[in-house]
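Protein chains get the first letters and strands the later ones, always in sequence-line order, with residue 1 at the start of each.
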Amino acid sequence: MQASRARLFKEYKEVQREKSADPDIQLICDDSNIFKWTALVKGPSETPYEGGVFQLAFSIPEQYPLLPPQVRFLTKIFHPNVHFKTGEICLDILKNAWSPAWTLQSVCRAIIALMAHPEPDSPLNCDSGNLLRSGDIKGYQSMARMYTRLAAVPKKG
Amino acid sequence: MDAMASSDSEEYYDTDDDDMSQLDDGSDDGEDYDSSQEADDEACPKPEEREKEYDFETEADVRQRQEEDTAKISELLSVPRGFAAVLLRHCRWDAERLENEWFCDERRVREAVGLTAESGAPTALSDRPLACAICFDLYGPGETISAGCSHYYCRECWAGYVGAAVGDGARCLLLRCPDPGCAAPVARELVEQVAGDEVRARYERFVVRSYVEEGRSKCIRWCPGPGCTLAVQSRPGFRLYEVACACKHAFCFRCGDEAHRPASCETVREWAAKNLSDRETSNWVLVNTKHCPECRRAIEKNQGCNHMTCGDPCRHEFCWICLGPWKDHSGGYYNCNRYPQDRADESSEEKTRREQAKASLERYLHYYQRWSAHGASLKKARQELDGLEKGGLDRLAEEIGGGEVVNSTELEFLKEAYAQIITARRVLRWTYAYVYYLDPEHDRLRCFCEYLQGEAEASVERLHRCAEQERSELEAFVSTAEAAAEKLEEYREKLCSLILVSRNHFTNLVEGFESGMPEVS
C-alpha cells in the first residue's frame with residue numbers, strides 16, 4: 001500500500017479512537033476518497049470567532065506526509081491570513097515549515113491557534129490586515145464577529 | 001590540482017612589459033608575453049614563467065580541503081564530524097571565526113545550529129519498541145533512528161524526509177529533526193545511514209558547493225563557464241581581477257561576470273542596466289515624436305504628409321513642421337515656410353529638451369554600437385578558435401603544399417593569434433562602457449582615452465585581418481612545396497609580430513585605463 005494511504009488510514013483510526021480527545025476539532029474523512037477530508041473547528045474563546053463553527057477542506061497530495069496537505073476555509077471568515085474569497089490560508093507550516101511529523105489533527109490545532117493570533121504583517125485579506133495594523137482592534141473585531149455570526153453560527157430551529 | 005593556465009590566461013597580469021619602442025621588431029624578443037604552449041615555433045618563443053596568481057581546483061580537491069578543515073574542527077572542539085561540518089557551515093566555513101565564537105560562548109553557537117549540551121552523537125537508535133512518528137508503524141528496538149535527539153523515525157520515513165529536502169536544493173544543509181519543536185540538526189552521518197546512493201551523492205555536492213559559495217574567507221569561486229566544474233582559488237597576497245579558466249571562460253573574480261577589464265564591476269553593472277532600461281526607449285520617444293498641440297499626446301510621424309490629424313477623440317488637425325493649426329495653412333494663410341521673426345515654432349523649453357535628449361541618445365548609441373560590434377567580432381573569433389582546435393589546423397596543414405610542408409603543431413601560432421584577438425576585442429569592448437561613463441566635462445582625459453583606444457583598435461584590426469584575410473590567401477596559394485614553405489614562414493613572422501604588438505598595446509591600455517591616467521586628470 002502507498003505510504004500516504006497507509007499513514008492516512010492510521011490517522012483515520014486514531015481519529016475514530018480519540019473522538020472526544022479534542023472537543024474543538026472534528027475530522028471527517030470523505031466516504032470514498034481518503035485523500036479528501038473535512039474538518040469542523042470551533043472558533044477559539046475570547047476571540048471574535050467564538051461561538052462559530054468553521055468548516056475546513058483538506059486536499060491531501062500523494063506524497064503526504066512529505067508534502068503538506070492543502071487546506072482552506074469553506075466557511076467565510078474575516079481574518080488577515082485567510083483569503084476572503086477563496087478561503088486559502090497563509091500559514092508557514094502549510095508551506096515551507098511543513099514537517100512530516102505534523103498530522104491533520106495538529107494542523108487543525110495550528111489553524112485554531114492562527115485564528116486566535118492573526119499575523120497582520122503577511123495578510124491575505126488586506127482589509128482585515130490594515131485594520132489590525134492601523135491599531136483599529138475594535139473595527140477588526142466587529143467585522144470578524146459579524147462574519148462569524150453571518151456565516152459560522154449554526155442557525156437555530 | 002595545479003592546472004596550467006592556458007596561453008591567453010596571463011597576459012593581463014603582465015606588468016613588466018618593456019616600452020612601446022620595441023614593438024615593431026616582434027620576432028625575437030620573447031619577454032613580452034606568456035605562452036604555455038610547448039613552444040615549437042621560434043618566432044613565438046616561450047617566455048619566463050611568471051608567478052601564478054591562482055590555482056584551479058576540481059570538485060574533488062575542494063572536497064578534500066573541506067574534509068581536512070572539518071576533521072581539524074572535529075578534533076579541536078571534540079564534536080563528531082557531521083556536527084563539525086554543521087558548525088563550520090554556520091560560520092561560513094571560517095574555522096577561525098568558529099573557534100573564536102565557540103571558545104567565547106559555546107552555548108550560543110550550539111544553540112544557533114540546534115545542538116544542545118547533551119547532543120552526543122549525530123544519530124541514535126532507539127533501545128525500545130516505538131511507533132515511528134511519521135508513518136505510525138510499530139518498530140522493534142534498534143529499528144528506529146533519531147538525529148541524536150529523542151524523536152525516532154523509521155529508516156524509510158527518514159529516507160523520504162531527507163530525499164525530499166535534498167531534492168529541494170541547498171536547504172538540505174539546514175535540515176532539522178522532523179519534530180516541529182526540535183531543532184536537532186540532521187548531520188551527514190544520518191544522511192549516510194538513511195539515504196540511497198543518489199540522494200547521498202547529491203547531498204555531498206551541496207556540501208562542497210556550500211564550501212565554495214558560502215565560504216567568505218576562502219578567496220575561491222566556481223568558474224561560471226557553462227559546463228565547467230573547476231573552482232578557482234586565488235593565492236594569498238594577490239588581488240584578483242580576472243581569471244582565465246582552463247575551460248577558456250574568462251571571468252571577473254570579483255563579480256563573476258564575463259571578464260571586463262578595464263571597466264570596473266560597477267561600470268559593467270550600470271552599463272548592463274542601461275542597455276536594458278526603458279529610459280533609452282523614452283529617450284527615443286522624446287527625439288522622434290512631437291506632441292499634439294491640443295491634447296499633448298506623443299505622435300510619431302509615419303507618413304510623409306505634414307498635415308497631421310491626431311487620433312480619436314482629439315482629431316485636432318495641425319502642421320507637423322510648425323505645430324500650428326492646419327486651418328491656418330490652407331488658402332492664403334499658408335506661411336509655414338517663412339522664417340518666423342516674432343513667433344516661436346514650439347515652446348523653446350520643449351525644443352531644448354528634445355535637443356538634449358537627442359544628443360544624449362546619440363552619445364549612448366555611439367558607445368553602444370561599438371560595444372556590441374566588438375562583442376560580435378569576439379564571438380566570431382571564438383568560433384574560429386574552436387574550429388582551429390577541432391581539426392581546423394590539421395586541415396590547414398593538409399591544404400598548404402599538400403601536407404608536405406608543415407604539420408599542424410607548427411601552425412599553433414594561429415591559435416595564439418585568435419586567443420589574442422579574443423582578449424583584445426573583449427578589452428576594447430569594455431573600454432567603450434568605460435569611456436561612456438567618463439566625466440563628459442573632462443575633455444582631456446576623454447581625448448587621451450580615445451587616442452589609446454584608437455591605437456589599440458587599429459592594432460587589433462590589423463591582427464584580425466592578417467589572421468583572417470591573409471590566411472585565406474595563404475590557403476589559396478598553390479605552388480611548389482618550397483615556395484609554400486617560404487610563403488608560410490613570411491606569414492608566420494608577420495602574424496607573430498602583430499600578436500606581440502597587440503599584446504603590448506593592450507597591456508598598456510588596460511593599465512592606463514585602470515590607473516585613471518593621473519597624468520592627464
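- Closest heavy-atom contact between A/Ala101 and B/Pro178: CB-O, 3.5 Å.
- Residue B/Glu111 places its CD atom among more than 12 non-hydrogen atoms of other residues, nucleotides or ligands, all under 6.0 Å distant.
- Counted within 6.0 Å of CZ on B/Arg202, heavy atoms from surrounding residues, nucleotides or ligands total more than 12; the atom is thus considered enclosed.
- For the pair B/Ile134 and A/Pro65, the minimum side-chain heavy-atom distance is below 4.5 Å.
- Contacts between A/Ser106 and chain B at a heavy-atom distance below 4.5 Å are absent for every atom of the residue.
- In the displayed structure, B/Arg107 atom CZ is contacted under 6.0 Å by at most 12 heavy atoms of other residues, nucleotides or ligands.
- When heavy atoms are compared at a cutoff of 4.5 Å, B/Asp137 approaches chain A by way of both its backbone and its side chain.
- Results of the side-chain contact (heavy atoms from CB on, under 4.5 Å) test with B/Phe136 over A/Lys13, A/Glu14, A/Arg7 single out A/Arg7 as the only residue that passes.
- Surrounding OH of A/Tyr12 are at most 12 heavy atoms belonging to other residues, nucleotides or ligands under 6.0 Å away.
- Atom CD of B/Glu198 has 12 or fewer heavy atoms from other residues, nucleotides or ligands within 6.0 Å.
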